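It should be emphasised that the depicted structure is a prediction, and the values quoted were computed from it without experimental measurement.
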Amino acid sequence: MAAAAEELAGRRGRAPEPGPGPGSPLGRVGNEGSPGGGGRRVFSPAGEFREFSRRQLRDMERLFRQYDAGKDGFIDLMELKLMMEKLGAPQTHLGLKNMIKEVDEDLDSKLSFREFLLIFRKAAAGELQEDSGLHALARLSEIDVSTEGVKGAKNFFEAKVQAIHDASRFEEEIKAEQEEKKKQAEELKQRKAAFKELQSTFKQ
């Protein structure tokens with residue numbers, strides 16, 4: 001079958017296109033997120049997790065790959081254990097199982113890349129308990145899932161509102177400064193006019 005594909009591609013004057021690498025969580029074909037596992041589709045992080053920027057998603061992928069020691073596209077319990085130890089927040093065996101359980105949508109007792117991203121979605125929405133292992137993971141991973149440089153995943157949406165408020169306040173301050181300068185210039189102009197008028201009075 002492969003030889004036939006190569007021969008056909010050769011006749012068309014081009015090499016067969018390689019598919020996504022098996023180790024890439026971004027190019028995995030599967031039925032994640034499909035009810036009942038009926039259809040197969042390519043998981044698109046940028047398409048599904050639109051609340052995150054491309055830079056944030058790249059940072060999350062880098063972190064996922066770093067601790068996917070088996071390079072199988074999943075973080076299992078032992079890999080999660082190592083990850084939490086490296087982050088400085090070691091968990092008990094039961095704690096690790098509960099961490100996986102909270103986002104393990106397909107119930108395979110390990111984290112796919114999509115489920116890994118769910119951790120940061122929940123953190124950004126403030127849906128994680130502050131004393132939970134997943135909250136510690138999101139906080140200690142040094143991935144800023146807030147906006148405009150406002151730290152703290154819990155304040156993700158509040159940060160957006162604050163950023164808009166800050167921008168509006170900044171514009172108001174600039175406008176106030178311009179009005180003040182305009183007022184000072186007008187006063188100076190009036191003083192000069194009054195001085196000239198006074199001079200002309202003395203000359204008479």
Side-chain angles (χ1 to χ4, degrees), residues 24-27 32-33 41-67 75 83-84 86-91 99 102-103 105 111-204:
S24 172
L26 293 178
E32 280 190 335
R41 65 183 179 84
V42 176
F43 166 51
S44 170
E48 186 171 347
F49 292 83
R50 295 183 180 181
E51 65 266 48
F52 299 127
S53 67
R54 296 181 70 86
R55 180 185 61 79
Q56 288 169 326
L57 289 171
R58 282 197 300 270
D59 288 344
M60 293 171 196
E61 183 193 2
R62 193 178 302 115
L63 184 67
F64 183 87
R65 284 174 174 271
Q66 181 181 345
Y67 290 100
I75 290 180
M83 181 180 190
M84 296 308 294
K86 290 279 188 181
L87 291 174
Q91 304 289 310
M99 285 175 67
E102 191 164 347
V103 291
E105 293 189 337
L111 299 175
S112 65
F113 183 51
R114 182 181 179 279
E115 290 164 343
F116 186 71
L117 292 180
L118 287 176
I119 297 171
F120 294 94
R121 170 176 280 175
K122 284 175 175 284
E127 295 175 0
L128 298 177
Q129 294 293 328
E130 289 195 16
D131 59 349
S132 70
L134 291 184
H135 185 273
L137 187 158
R139 179 171 54 84
L140 296 170
S141 64
E142 296 184 355
I143 294 175
D144 181 15
V145 295
S146 60
T147 58
E148 300 297 327
V150 182
K151 298 294 181 182
K154 190 177 178 183
N155 299 321
F156 179 71
F157 295 107
E158 290 89 336
K160 286 187 176 181
V161 176
Q162 185 64 39
I164 293 170
H165 174 72
D166 289 347
S168 177
R169 188 177 62 186
F170 183 68
E171 288 176 4
E172 287 176 3
E173 288 175 353
I174 291 176
K175 190 175 179 181
E177 280 183 20
Q178 290 174 340
E179 288 292 333
E180 183 64 27
K181 286 180 180 178
K182 188 177 178 181
K183 185 180 176 183
Q184 289 175 356
E186 188 65 31
E187 287 176 353
L188 181 62
K189 185 179 177 182
Q190 288 175 359
R191 283 200 300 269
K192 283 183 177 179
F195 182 71
K196 282 184 179 179
E197 188 176 342
L198 188 63
Q199 276 185 326
S200 63
T201 303
F202 276 115
K203 285 179 181 177
Q204 291 175 0

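A side-chain donor-acceptor contact under 3.5 Å links E115 to the backbone of E105.
The nearest pair of heavy atoms linking A136 to M84 is CB-CE, 4.2 Å. P45 and F113 get closest at one heavy-atom pair: CG-CE2, 3.8 Å. Residues L140 and A89 share a closest heavy-atom pair of CD1-CB, 3.6 Å. Closest approach of R54 and A46 over heavy atoms only: NH1-CB, 4.3 Å.
One finds the CD atom of E127 at 9.0 Å from the CD atom of E102 (value rounded to the nearest 0.5 Å). Separating the NZ atom in K122 from the CG atom in L134 is a distance of 8.5 Å, to the nearest 0.5 Å. Interatomic distance, L57 CG to L117 CG, rounded to the nearest 0.5 Å: 6.0 Å. Taking CZ of R114 as the start and CD of E48 as the end, the distance is 4.0 Å to the nearest 0.5 Å. To the nearest 0.5 angstrom, F120 atom CZ is 5.5 Å from L63 atom CG. The distance from atom CD1 of I119 to atom CE of M60, rounded to the nearest 0.5 Å, is 10.0 Å.
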Donor-acceptor contacts under 3.5 Å from residues 176-183 side chains, at least two apart:
| unit_1 | atom_1 | unit_2 | atom_2 | d |
| --- | --- | --- | --- | --- |
| E180 | OE2 | Q184 | NE2 | 3.4 |

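For F49, there are no ring-ring contact (aromatic ring centres under 6.0 Å, His included) partners two or more places apart in sequence or in a different chain.
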Between R55 and R58, does the side chain to side chain contact (heavy atoms under 4.5 Å, CB included) criterion hold? Intermediate values first, please. CA-CA 5 Å; R55 180 185 61 79; R58 282 197 300 270; 4.0 Å; yes

